[in-house]
Student: 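The following block contains the structure, expressed as structure tokens.
This one's a predicted model, so the numbers in the text were calculated from it and none came from an experiment.
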Amino acid sequence: MKALTENGVTVNESVTPVPPTKRNSGFWKSVLQQKYLYLMSLPFVIWVFVFSYVPLWGWLMAFQNYKPIKSFRDQKWVGLKNFKELFHDERFYLVLRNTLAMSGLGLVFGFVVPIIFAVMLNELRGSVFKRTVQTISYLPHFVSWVVVGGIVYKTLAIDGGIVNDLLTHLHIIDEPIQFMAKAKMFWGVVTAADLWKETGWNAIIYLAAITGIDKELYEAAKVDGAGRIKQMFNITLPGIRTTITVLLIMSIGHLIGIGFEKQFQLSNNLVTDYSEVLDIYALKYGIQIGRFSYGTAISMFTSVVSVILLLTANGVMKKFTKESIM
Amino acid sequence: MKSKSIKTAFTLMLMSSMLIAGCGGNNNADNSKNAANTGNNASTATATDSAANTTADTSPVTFSFFGADASPNWNKMQDEVGKVITEKTGVTLNAEYDVGSGGGEQKISLMAASGDVPDLIFAKGNLSKLVDAGLVIDMTDLIDKYAPNLKKVYGDNMKRLKYSKDDQKIYSIPTNAGVDQQSFDAGGGFEIQQRVLKELGYPQVKTVQDYEKVLKDYVAKHPETDGQPTIPLTLNADDWKIMITVTNPAFLTTGAPDDGEYYVDPTTYAAQLHYKRPAEKEYFRWLNHMYSEGLLDKDTFVQKDDQYKAKVASGRVLGLISQEWEYQDGENALKAAGKDEYTYAHFPVTLTDEYKDHSFQSAGVDASGIAITTACKDPVRAIKFLDWLASDEGQVLMNWGIEGKQYTVNADGKRVIPADVQKKKTDDANNFAKETGIGLYTALTAHYGDGVKDSTGNYYTTNFPEQIVAAYSDAEKETLKAYKATTWKDLFPKESDFPVKEWGALYNMPTPTDGDYQVTFKKTQDIIRKRIPEAILSKPADFDKVYDAFIAELNKAGAEKMEAEYTDLVKARVSLWTGKDL
């Protein structure tokens, strides 16, 4: 039996030198050599194609006055009308501000806190306690936003909400604060709720990366006299730097497409000026009133911005940290 | 090892081909839908032949159904009435209802976008989305050929079923309200708990000032209810319910009938957003005053539907401004717990003495209703099903239940509900509905309203004066007696005090989905739902400023043009229904 290397190609075959002059035939040759590898990735390529590229066809709707009843050929083409309307709507800039503000806050806190949490958790000695904390902390991830919305409302309520009870008992405030009615607090509430829900879950990947760090490094550091804090900054954090970079780039790519579940569940009429995000706007002014073309124009805008953000983040990282995802 | 990797590769290929097949399946579904779309006429034609032999087809068939109003007691037709319906018609409904207070808007919007509709749909206010997407079939011929009972129930009102003056097809049959309904009971107005009235010696409650005084006096005496702070007044502003408890009372207290978001001048038919009426500004000023006095719950504009209902169910809310169906779940919980004195009395409260509550002005036959979609493979079977339900047999079954179980017929031929059944129905309403199915099916089809008698001289519905009084709890009876009334309705101005509205109920009138109308309407709605709470919560000194800015903002968003467009629609409707030339 021949030993397999990591990429599924037998050692004997992979060392065959490829003549640099015949690049083209070399490509096909390597395809042939790695045919199982290609065959195995094929379903996923098809999957991506079907679910991520085929729907792009629908973007054409953004340039039409789309009516579901008509066939494609009968649709009326309107050029950039939908985009013009979008960029002339004041509300659009308001929701764009909200989207960026909330995702910016989410990025800063939702990114930094799990790393700190993972590093701290890693420093814990007792394995039973550590695992218990880890499990408890990621459980909220599986709770749907509908339920989380209810929990947040109950927690922040003025009669019997635990936060207000605590603050009044500690005499930090005299009157209970109506958190959910204060539009300016909405971003903070969303970020806090998101932190509660996702910190534990997001920390898992860092914890996994930390276990991959060679234990000898810590031992060597100890011999050299490095304390716990020094070990954290000189071994643990640099050890997971690659993971951090990759996740940072990806979350920057998602900056503008933050979804709408949280905002939808947590918002009320008093805070709409701060809670409405692009996706809710697309739902309200697109699908809900049958303006499919307008909705498509909005989603096209978000996709394009996302790609630009992703490429920029990737480029910047590549330049400064030599690490990137592309 | 090599053979193993080949196996793996094939497994993966198989998986990928399954993926592709899955996508292919989608296309097939689309095609079949198109087929159903075009095959419409064909099926009608073949059905014409089968209509000749009038034997009812009771072979098992399942129709999918979506209802835009939540129906928490729906029991998949496993209730007693449902079983009989399936037995008699062969039809099983695979029903899905909207959850919460969404009114079906999200789901129906998506249906219109995807073309993926159930066979039958109760679309409430969103029918026009489906009609414009070409997903609803015209029922005119179907009703003509196969639905004698529907024709009988609607009678002279058939022309009111037409969609609009430009498109005179019948896309849905009004089912959300009974035909020739005479209300015997009032479920609206302003509500006050029976215990409050009793303690204060049944004071007169006519104007908002009276109402305010009652709440204020009682809460001063009893700041706590069962250990929790008493809430004098709370409203439900979650999603569309803001209209029921916050904005609609503005026109009801100022002498205007319910025309959705508009007010229509009965002589010129000119429509305007009702918020623009000066009298309504005064109503909102009163709410603002209630808030600054601490009488209006601070949570009003923050709480969600379920929190509101939980508050009502806790019994610590003294007053509501709502409709009984809106807070029913909460009140049912109180009844089930035996706390009858915590349930609510209804008063036709107005802003000042000069106004009259128009709750009972009749709109004639005009209600949202059920539609058959292009996805329905057998529209004839569907209409026959609806027709059977609309028959005398069907209506009695849906309203009364099964003879010998939920009602008996006495020696005089009168239908009677036995006392133990009635007790269960009153005290444990949710479980009663779940088990028997009574009340779950009426909104599916045309039905007579309260006060209409069938050929046996019995009422079709279980709501008639004696029955209504029988269903009252002792606490309610006591309150009514003190006000010298037998039903809540006796306190309200009667139908006969007002002319029938020539334009029906405008919240059911389809509006154009093309053009700017929907966008402007949505914008005005956003402004209303944001600014009305803001105005109510503002400092009393700032109220005028906030309210005037609100009206200006509406106009800036294009309200005036939208109102002009709406006025034209109202006029077209009046002329279609009455034949007046406008």
Student: Distance-only, no hydrogens or angles: does the A/K284 side chain make a donor-acceptor pair with backbone N or O of B/D526 under 3.5 Å?
Tutor: no
Student: Among A/N65, A/I158, A/T272, which residue forms the greatest number of heavy-atom pairs with chain B at distances under 4.5 Å?
Tutor: A/I158
Student: Please indicate whether A/E261 has more than 12 foreign heavy atoms, meaning atoms of other residues, nucleotides or ligands, lying under 6.0 Å from its CD.
Tutor: no
Student: Please classify the contact of B/I242 with chain A as side chain, backbone, both or neither, using a heavy-atom distance under 4.5 Å.
Tutor: side chain
Student: Go through the steps for A/L283 and B/Q106 under the test side-chain contact (heavy atoms from CB on, under 4.5 Å), then give the verdict.
Tutor: CA-CA 9 Å; A/L283 179 73; B/Q106 321 278 1; 3.5 Å; yes
Student: Rounded to the nearest 0.5 Å, what separation is found between the CG atom of B/N126 and the CD atom of A/Q288?
Tutor: 8.5 Å
Student: In terms of heavy-atom pairs under 4.5 Å with chain B, which of A/N268, A/V271, A/V54, A/V45 leads?
Tutor: A/N268
Student: At a 4.5 Å cut-off on heavy atoms, which part of B/Q307 comes close to chain A: side chain, backbone, both, or neither?
Tutor: side chain
Student: If you compare all heavy atoms of A/S267 against all heavy atoms of B/K304, which two are closest, and at what distance to 0.1 Å?
Tutor: O-NZ, 2.7 Å
Student: Compare all side-chain heavy atoms of A/K182 with those of B/V302 and state whether any distance is below 4.5 angstrom.
Tutor: no
Student: For A/I289 versus B/K129, what's the shortest heavy-atom pair and its separation?
Tutor: CA-CE, 4.3 Å
Student: Against chain A, label B/I108 side chain, backbone, both or neither, depending on which of its atoms sit under 4.5 Å from a heavy atom there.
Tutor: neither
Student: For A/Y285 versus B/V519, what's the shortest heavy-atom pair and its separation?
Tutor: CE2-O, 4.1 Å
Student: Among B/Q228, B/K298, B/Q303, B/R531, single out the residue with the greatest number of heavy-atom pairs under 4.5 Å to chain A.
Tutor: B/K298
Student: If the threshold is 4.0 Å, N to carboxylate O, is there a salt bridge linking A/E90 and B/K556?
Tutor: yes
Student: Would you find more than 12 non-hydrogen atoms of other residues, nucleotides or ligands less than 6.0 Å from A/D74 atom CG?
Tutor: yes
Student: Under 3.5 Å, is there a donor-acceptor pair linking the side chains of A/Y153 and B/D306?
Tutor: no
Student: Check this for me: B/L110, atom CG, are more than 12 non-hydrogen atoms of other residues, nucleotides or ligands nearer than 6.0 Å?
Tutor: yes
Student: Using a distance-only test with no angle check, is there a side-chain donor-acceptor pair under 3.5 angstrom linking B/D299 and A/Q178?
Tutor: yes
Student: Among B/K522, B/R529, B/K530, B/Q518, who wins on heavy-atom pairs under 4.5 Å with chain A?
Tutor: B/K522
Student: CG of B/D516: more than 12 outside heavy atoms within 6.0 angstrom?
Tutor: no
Student: Would you find more than 12 non-hydrogen atoms of other residues, nucleotides or ligands less than 6.0 Å from A/Y53 atom OH?
Tutor: no
Student: Is it true that, when you exclude A/F264 itself, more than 12 heavy atoms of the residues, nucleotides or ligands shown sit nearer than 6.0 Å to its CZ?
Tutor: no
Student: Of all heavy-atom pairs between B/A113 and A/F292, which one has the smallest distance, and what is that distance?
Tutor: CB-CE2, 3.0 Å
Student: Could you state the interatomic distance from CG (A/N269) to CD1 (B/I528), rounded to the nearest 0.5 Å?
Tutor: 11.0 Å
Student: More than 12 non-hydrogen atoms from neighbouring residues, nucleotides or ligands closer than 6.0 Å to CZ on A/F142, yes or no?
Tutor: yes
Student: For B/D166, enumerate each residue passing the salt bridge (charged side-chain N to carboxylate O under 4.0 Å, His left out) test, keeping only those at least two apart in sequence or located in another chain.
Tutor: none
